[in-house]
2 protein chains.
Amino acid sequence: MENIRAAEPAFSVTSCTARRVLEIVSNKWAVLIIFVLEKGTKRYGQLQRSIADISQKMLTQTLRQLERDGLIERSVLPEVPPVVEYTLTPMGESLIPYLRQLNHWLNEYYPQIEQARKDYDAREKFKADKSTQTV
Amino acid sequence: MENIRAAEPAFSVTSCTARRVLEIVSNKWAVLIIFVLEKGTKRYGQLQRSIADISQKMLTQTLRQLERDGLIERSVLPEVPPVVEYTLTPMGESLIPYLRQLNHWLNEYYPQIEQARKDYDAREKFKADKSTQTV
DNA sequence: CCGTATCCATTAAGATACTG
DNA sequence: CAGTATCTTAATGGATACGG
């Protein structure tokens with residue numbers, strides 16, 4: 001009853017750690033926040049202005065999540081009005097090179113990807129035109 | 001009127017290429033499919049079985065997307081019943097090392113992340129308990 | 001200043017049934 | 001076999017109002 005997962009096909013990636021890649025990285029806002037915090041400790045308001053189109057809700061939600069995962073540290077300074085600062089933990093910092101490298105890849109290949117998209121769309125349009133042509 | 005984006009604060013990451021990281025990598029299924037195709041050309045059904053809990057809809061949708069981006073190639077063999085094969089393009093293959101490295105990072109730090117989560121939840125629970133305690 | 005809570009619109013995803 | 005079409009449900013995100 002407990003090891004149902006063992007019944008999966010040998011070829012499966014279900015239990016594979018690949019899935020873990022996504023838990024953190026697949027969050028759009030999380031990556032952006034990490035990139036901003038790379039430049040140093042930031043306050044809540046600074047983060048909000050840095051990531052222009054993030055809503056308060058998503059900012060708070062993502063910050064909590066990153067804090068929970070131990071990637072950032074949240075410190076409340078005993079002042080009035082309150083000052084809250086966010087900093088990357090060593091673990092958070094250690095992730096940055098990998099994100100940077102991914103980013104490099106994307107910058108390098110982005111033109112090629114855009115071209116591939118154009119080509120694909122042109123082919124699809126051509127097919128669509130041909131199929132309605134005979135009607 | 002056109003360069004509204006120029007009015008953004010200098011610190012903003014809005015127009016930053018960081019955002020591109022996410023277009024491809026933030027797709028859970030896309031990454032899994034790429035990892036499966038790394039092992040070689042696969043047919044539609046093989047992919048479906050490999051990624052046990054993917055729905056037909058998501059599989060097809062993600063395959064189309066990856067094909068459109070030029071990361072995989074789709075070839076239909078002229079047979080009955082139809083045989084459709086998917087292969088990584090050179091561009092798709094070139095992405096793998098970066099995904100692998102991210103994966104290594106995650107495997108290395110996953111225990112630490114889980115511990116951080118436990119600690120965080122324990123702290124939160126403690127706070128919650130204290131706040132209801134006085135009632 | 002730094003949030004939380006609530007409501008609402010949009011989108012993503014899953015289940016199911018059917019086709020060339 | 002390899003999909004498409006449709007329907008329903010779940011998740012995401014934004015706007016607004018209020019609280020410590």
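As the structure is a computational prediction, the values presented were derived from the model and not from experiment. Every chain is numbered from 1, with letters handed out A, B, ... down the list of sequences.
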> Which ILVMFWY residues are connected to B:Val83, directly or by a chain of links, through side-chain heavy atoms under 4.5 Å apart?
Replying inline: B:Leu77
>> For residues 75-91 of chain B, which residue pairs pass the salt bridge (charged side-chain N to carboxylate O under 4.0 Å, His left out) check, not counting sequence neighbours?
In response: none
> Closest approach of B:Arg43 and B:Gln46, non-hydrogen atoms and distance?
Replying inline: N-OE1, 2.8 Å
>> Could you work out, with salt bridge (Lys or Arg N to Asp or Glu O under 4.0 Å) as the rule, every residue matching A:Glu124, not counting sequence neighbours?
In response: A:Lys127
> Looking at residues at least two apart in the chain, or sitting in another chain, which of them share a side-chain contact (heavy atoms from CB on, under 4.5 Å) with A:Thr62?
Replying inline: A:Asn27, A:Trp29, A:Ala30, A:Ile33, A:Leu66
>> My understanding is that only residues two or more places apart in sequence, or in another chain, count here; which of them pass side-chain contact (heavy atoms from CB on, under 4.5 Å) with B:Gln48?
In response: B:Tyr44, B:Gln56, B:Leu59
> How does DNA chain C read in dot-bracket, base by base from 5' to 3', with Watson-Crick or G-U pairs under 3.5 Å and | used when the partner is on another strand?
Replying inline: |.||||||||||||||||||
>> For a quick check, with a 4.0 angstrom heavy-atom cut-off, what is the B/S/- contact string for nucleotides 1-17 of chain C, read 5' to 3'?
In response: BSBB--B-----BB--B
> Looking at residues at least two apart in the chain, or sitting in another chain, which of them share a side-chain contact (heavy atoms from CB on, under 4.5 Å) with B:Arg123?
Replying inline: B:Asp119, B:Tyr120
> Can you pull the contact range of chain B along DNA chain D, 5' to 3', using atoms under 4.0 angstrom from its heavy atoms?
Replying inline: D:dC1 to D:dT4
>> Per the salt bridge (charged side-chain N to carboxylate O under 4.0 Å, His left out) rule, what does the pair list look like for residues 61-73 of chain B, sequence neighbours excluded?
In response: A:Arg117-B:Asp69, A:Asp121-B:Arg68, B:Arg64-B:Glu67
> salt bridge (charged side-chain N to carboxylate O under 4.0 Å, His left out): which pairs involve residues 89-112 of chain A, sequence neighbours left out?
Replying inline: A:Glu38-A:Arg100
>> Tell me every residue that passes side-chain contact (heavy atoms from CB on, under 4.5 Å) with B:Ala116, counting only those two or more places apart in sequence or in another chain.
In response: none
